[in-house]
Amino acid sequence: MTARTGRHFLQIPGPTNVPDRVLHALAQPTIDHRGPDFADLTRDLLHRLKPVFGTDDPVVIYPSSGTGAWEAALVNTLSPGDRVLAFETGHFATLWRDMAERLGLTVEFVPGDWRRGVDPAAVAERLAADTSHGIAAVMVVHNETSTGVTSRIPEIRAAMDDSDHPALLLVDTISSLGSIDYRHDDWGVDVTVGCSQKGLMLPPGLGFNAISDKALAATQRSRLPRSYWDWANILEANESGFYPYTPATNLLYGLREALLLLEEEGLPNVFARHRRHSAATREAVRGWGLEVLCADKREYSDSLTAVVLSEEHDADKVRRIILERFDMSLGTGLGKLAGRVFRIGHLGSLNDLTLAGTLSGVQMGLQLAGVPVDPAGLQAALEVLRGE
Ligand SMILES: *Cc1c(COP(=O)(O)O)cnc(C)c1O
């Protein structure tokens, strides 16, 4: 094993780099989760979380991964046999579909080529065909982390409104929350699913649901079995600042610090930074002579970029060389993209020089792996970062 110096570059699209201030916050002594100080912490967090979701609705925090928060969104609103509409945007949309099926829902899964987001016209078409209003929910992954494609939620919402269809809108914002502009209230989303380890710059372990009035009303009718995930118990305990079971106290300290960091930078600046970093990354990829997986420029993800290699090159070999030589982790190709793409995460706690270092490592790794690249790629990215 070679000794490592400096910091590891964790440039996967989650978990992301945890800022020092958050690490220090996590290291505080654990307190009594039934005591008065804890109640103050809960109230403060539930208040500070709202702008990140763009909502005045309640937000529930689970000690869970994002997958748990997915399950919570489904079991609190739906009943066995309910029909739901979902879209094959990539690996995560497929996993959420699989979960819905295992829970006993009937999923209408609109096929996709893993290079595009949800087509609002397809939403309109499917809902218009559902004249009996049998579809209970529409499930959308806002930012598909396997492909680097961001679906246009406002247009999807408009398609639902135009069809006058009462289905709930459930949105996974796991890799967009805190990185890409998102508005639970303005976009009429019913359940927003999030988690801690991506744009929120925390370690894994917290899941979130933001819940509209309509989603809350749906819990009255919903008959899927639920216990741990039940919103009702949590919302009731939250009233007095507590939880029905032991919360992840130290992660909540970290969450408060991460929310302060976002407030200090200002969400519009956070989103602009991610937009600039994604633009610089795409300049590098194109300059190298390689292809970005996302096929529609309206849907480029600001939080990660998936890079396609030609058949004769193995993306995992490139990643391995970069890890060994430069101590940097990049995202692997998931599902049917295995070996074909690698993913550059540019979300969370990073700055221009972190991105410049990341793209330098990618360029050198590609060259070492024998992938022909034009070094003008890095220069083009630096020009975007330099600005004027
Ligand atoms: C990471 C991710 C998930 C899964 O979250 P876990 O914390 O691994 O359970 C789901 N959806 C998207 C879009 C993701 O990026």
Side-chain angles (χ1 to χ4, degrees), residues 10-18 52-53 60-75 84 86-100 102-103 107 109 112 114-118 138-153 156 169-180 182 184 189 191-210 228-229 248 251 254-255 258 274 278 293-294 299-306 329-335 337 341-348:
L10 184 66
Q11 298 310 131
I12 59 176
T16 63
N17 293 290
V18 180
V52 176
F53 286 84
V60 158
I61 309 175
Y62 293 103
S64 81
S65 79
T67 303
W70 263 353
E71 181 159 338
L74 300 177
V75 298
V84 295
F87 300 84
E88 189 196 359
T89 50
H91 185 66
F92 288 101
T94 305
L95 290 178
W96 202 12
R97 183 275 314 258
D98 293 348
M99 170 186 275
R102 284 201 299 268
L103 290 170
V107 187
F109 200 48
W114 292 42
R115 302 194 71 164
R116 269 163 263 267
V118 174
V138 177
M139 296 161 57
V140 175
V141 174
H142 181 215
N143 187 68
E144 180 47 83
T145 322
S146 61
T147 61
V149 176
T150 307
S151 285
R152 289 161 285 147
I153 307 295
I156 294 166
L169 176 58
L170 315 180
V171 180
D172 167 347
T173 63
I174 290 177
S175 62
S176 52
L177 200 70
S179 305
I180 300 174
Y182 181 79
H184 174 89
V189 178
V191 186
T192 297
V193 176
C195 79
S196 54
Q197 76 271 23
K198 304 196 182 180
L200 294 183
M201 307 175 285
L202 289 159
L206 295 177
F208 305 99
N209 279 177
Y228 184 79
W229 304 115
L251 282 172
L255 176 60
H274 283 81
S278 74
L293 181 64
C294 178
E299 298 178 330
Y300 287 140
S301 168
D302 289 341
S303 58
L304 77 137
T305 300
S329 298
L330 295 171
T332 186
L334 294 171
L337 298 172
V341 313
F342 65 90
R343 294 170 300 143
I344 304 170
H346 35 74
L347 75 163

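Every number for a ligand or one of its atoms is a count from 1 in the order of the listing. A quick note: this is a predicted structure, and the numbers were derived from the prediction, not measured.
With hydrogens and angles left out, the side-chain atoms of S175 and T145 include a donor and acceptor closer than 3.5 Å. In this model, no donor atom of one side chain and acceptor atom of the other lie less than 3.5 Å apart for S64 and Y228.
Electrostatic pairing of E299 and R152 counts as a salt bridge here, judged by a charged N lying under 4.0 Å from a carboxylate O.
Considering backbone and side-chain atoms together, G66 places an N or O closer than 3.5 Å to an N or O of ligand 1. Checked against a 3.5 angstrom limit, the closest N/O atoms of N143 and ligand 1 fall outside it.
Interface atoms of ligand 1 facing V141, defined by a heavy-atom separation under 4.0 Å, are 13 (C). Here is the list of ligand 1 atoms found below 4.0 Å of a heavy atom in S175: 15 (O). Each of the following atoms of ligand 1 lies closer than 4.0 Å to a heavy atom of S65: 6 (P), 7 (O), 9 (O). Residue-ligand proximity, W70 to ligand 1, at heavy-atom distances under 4.0 Å covers atoms 10 (C), 11 (N).
For T173 (side chain) and S176 (main-chain N/O), no donor-acceptor pair under 3.5 Å exists by modelled atom type.
Among protein heavy atoms, the minimum distance from atom 12 (C) of ligand 1 is reached at D172 OD2, 3.4 Å. When only non-hydrogen protein atoms are considered, atom 15 (O) of ligand 1 lies nearest to T145 OG1, 2.4 Å. Closest protein heavy atom to atom 9 (O) of ligand 1: T67 OG1, 2.5 Å. Nearest non-hydrogen protein atom to atom 2 (C) of ligand 1 is K198 NZ, 2.6 Å. Here the protein heavy atom with the shortest distance to atom 8 (O) of ligand 1 is Q197 NE2, 4.0 Å.
Between F208 and F53, the ring-plane angle classifies as perpendicular under the 30° and 60° cut-offs. Ring pair W114/H91 is tilted by interplanar angle, where 30° to 60° counts as tilted.
With contacts defined as side-chain heavy-atom distances shorter than 4.5 Å, the pair L251/P203 qualifies.
Rounded to the nearest 0.5 angstrom, L200 CG and L202 CG are separated by 6.0 Å.
Not a single heavy atom of W96 sits closer than 4.0 Å to an atom of ligand 1.
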